[in-house]
Amino acid sequence: MNELQKQKFDLVTKNLQKWQGRDEWFFNREHTDTYELYYEGPYKRAEVWQKKILASLIKKDERVQTLLEFGCGTTRFTRWWHEIGIEASGGDISPFMLGQGAHLFDGDLVLADSHHMPFKDHTFDVLAFIATFEYYKDPVAVIREAVRVGKYGIIFGMMNRNTTKLIRRRVQQAFGKNPFYVTANFYTPHTLTKVIDEALKGGDYTITWKTTGLPKWFPVQQWNMTYGDFFGLHVQLNDVE
């Protein structure tokens, strides 16, 4: 981005601070400009295991060749989908995050709200939500929109409510030290499944999930119990060809 483009971008976005009527960290340049550094630093090991469980879930559905990741941010995971053989595109509501992603990802990106995706029915094989679904005010509406656009289902990557780290995050927030989860609604595999069941009532689908984010000293790093800092959950739609 040259200096003139940067000035135009700053002019257009300077008053953007809220989404869904709330202040959000991803509308703050202080946080979005350093987002990638977090993954390259203390979060690196966690990311490796998160990608392992997401790959193991999505690869079970051999129909999946294309994917739209909503809430793609800087395209950290959007770039990775390509590495495992899935043609991925990205969407996000934050121009600040997409501004970073446009420099890192050589693919299609769209600035849009996940509640109203600007795509025709079944444009993609699957929808992905990685560390973003926690921020949606109307999750049922988002899921219904996702299965409209994604022909074969949805894959989620979520911060898990069933983790001791939740206490640490809330204490940090109380002292104004952690802005990232102030508006987040944390799920477990079971509570997310209830939301999915409400959204897809009467549909034919299969849900599978795995959890990771376990301590380094623990004998396993992924399992099918509800405890762990992160879980992946795949909704496979069965009533489509």
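Because the structure is predicted, anything quoted here is derived from the model rather than measured.
- A single hydrophobic cluster is not seen to contain both Y135 and L98; linkage of ILVMFWY side chains at heavy-atom distances under 4.5 Å, directly or through other members, places them apart.
- Residue V110 comes nearest to P118 through the heavy atom pair CG2-CG, 4.0 Å, listed as atom of the first residue, atom of the second, then distance.
- Remark: Q65 pairs with D125 by the side chain to side chain contact (heavy atoms under 4.5 Å, CB included) rule, at least two apart or across chains.
- Nearest approach of I154 to A146, heavy atoms of both residues: CD1-CB, 3.7 Å.
- W223 and L192 end up in different hydrophobic clusters when Ile, Leu, Val, Met, Phe, Trp and Tyr side chains are linked at under 4.5 Å.
- For residues 196-218, no residue pair satisfies the salt bridge (Lys or Arg N to Asp or Glu O under 4.0 Å) rule, not counting sequence neighbours.
- Atom-to-atom distance recorded for F231:CZ and T212:OG1 is 12.5 Å, nearest 0.5 angstrom.
- Under the 3.5 Å distance criterion, the side-chain polar atoms of Q221 are matched with a main-chain donor or acceptor of P215.
- Counting heavy atoms from C-beta outward, H234 and I58 have side chains that approach closer than 4.5 Å.
- Below 30°, between 30° and 60°, or above 60°: for H115 and Y136 the angle between ring planes is above 60°, a perpendicular geometry.
- Under the 3.5 Å distance criterion, the side-chain polar atoms of N160 are matched with a main-chain donor or acceptor of T226.
- V235 and V140 end up in the same hydrophobic cluster when Ile, Leu, Val, Met, Phe, Trp and Tyr side chains are linked at under 4.5 Å.
- For D92 (side chain) and G73 (main-chain N/O), a donor-acceptor pair under 3.5 Å exists by modelled atom type.
- Expressed to the nearest 0.5 Å, how far CZ of R148 lies from CG of L127 amounts to 9.5 Å.
- A single hydrophobic cluster is seen to contain both I143 and M117, as judged by linkage of ILVMFWY side chains at heavy-atom distances under 4.5 Å, directly or through other members.
- Between the CZ atom in F186 and the CD atom in E134 there is a gap of 6.5 Å [rounded to 0.5 Å].
- At distances below 3.5 Å, not a single donor-acceptor pair connects side-chain atoms of T75 with backbone N or O atoms of T78.
- Smallest separation of non-hydrogen atoms from W81 and A128: CZ2-CB, 3.9 Å.
- No path of Ile, Leu, Val, Met, Phe, Trp and Tyr side chains, each step under 4.5 Å between heavy atoms, connects L68 with L109, placing them in separate hydrophobic clusters.
- At a threshold of 4.5 Å between non-hydrogen side-chain atoms, the residues F70 and V142 do not count as touching.
- Heavy atoms only, all atoms of each residue included: A88 and F105 are closest at O-CZ, 3.3 Å.
- Separation of the F129 and F156 ring centroids falls under the 6.0 Å cut-off.
- Residues E69 and I130 form a side-chain contact, since some pair of their non-hydrogen atoms from C-beta on lies under 4.5 Å apart.
- Between the OH atom of Y227 and the CG atom of L214 there is a distance of 12.5 Å, given to the nearest 0.5 Å.
- K52 contributes no side-chain N or O that, together with a main-chain N or O of Q222, makes up a donor-acceptor pair within less than 3.5 Å.
- The CE atom of M158 sits 8.5 Å away from atom CG of L233, with the distance rounded to the nearest 0.5 Å.
- Nearest heavy-atom pair, G153 versus V126, reported as atom, atom and distance to 0.1 Å: O-CG2, 3.1 Å.
- Surrounding NZ of K59 are more than 12 heavy atoms belonging to other residues, nucleotides or ligands, all under 6.0 Å away.
- In this structure a side-chain-to-backbone donor-acceptor pair under 3.5 Å is missing from D113 to I93.
- Residues I84 and K51 are not in side-chain contact: their nearest non-hydrogen atoms beyond the backbone lie 4.5 Å or more apart.
- In this structure, E47 pairs ionically with R76, as a charged nitrogen and a carboxylate oxygen lie closer than 4.0 Å.
- Residue Y205 comes nearest to L237 through the heavy atom pair CB-CD2, 4.0 Å, listed as atom of the first residue, atom of the second, then distance.
- For D106, the CG atom sits in a loose shell: 12 or fewer heavy atoms of surrounding residues, nucleotides or ligands are nearer than 6.0 Å.
- To the nearest 0.5 angstrom, R79 atom CZ is 5.5 Å from T74 atom OG1.
- Within the 4.5 Å cutoff, the side chain of T123 has heavy atoms near those of the K120 side chain.
- No donor-acceptor pair closer than 3.5 Å links the side chain of R161 to the backbone N or O of T188.
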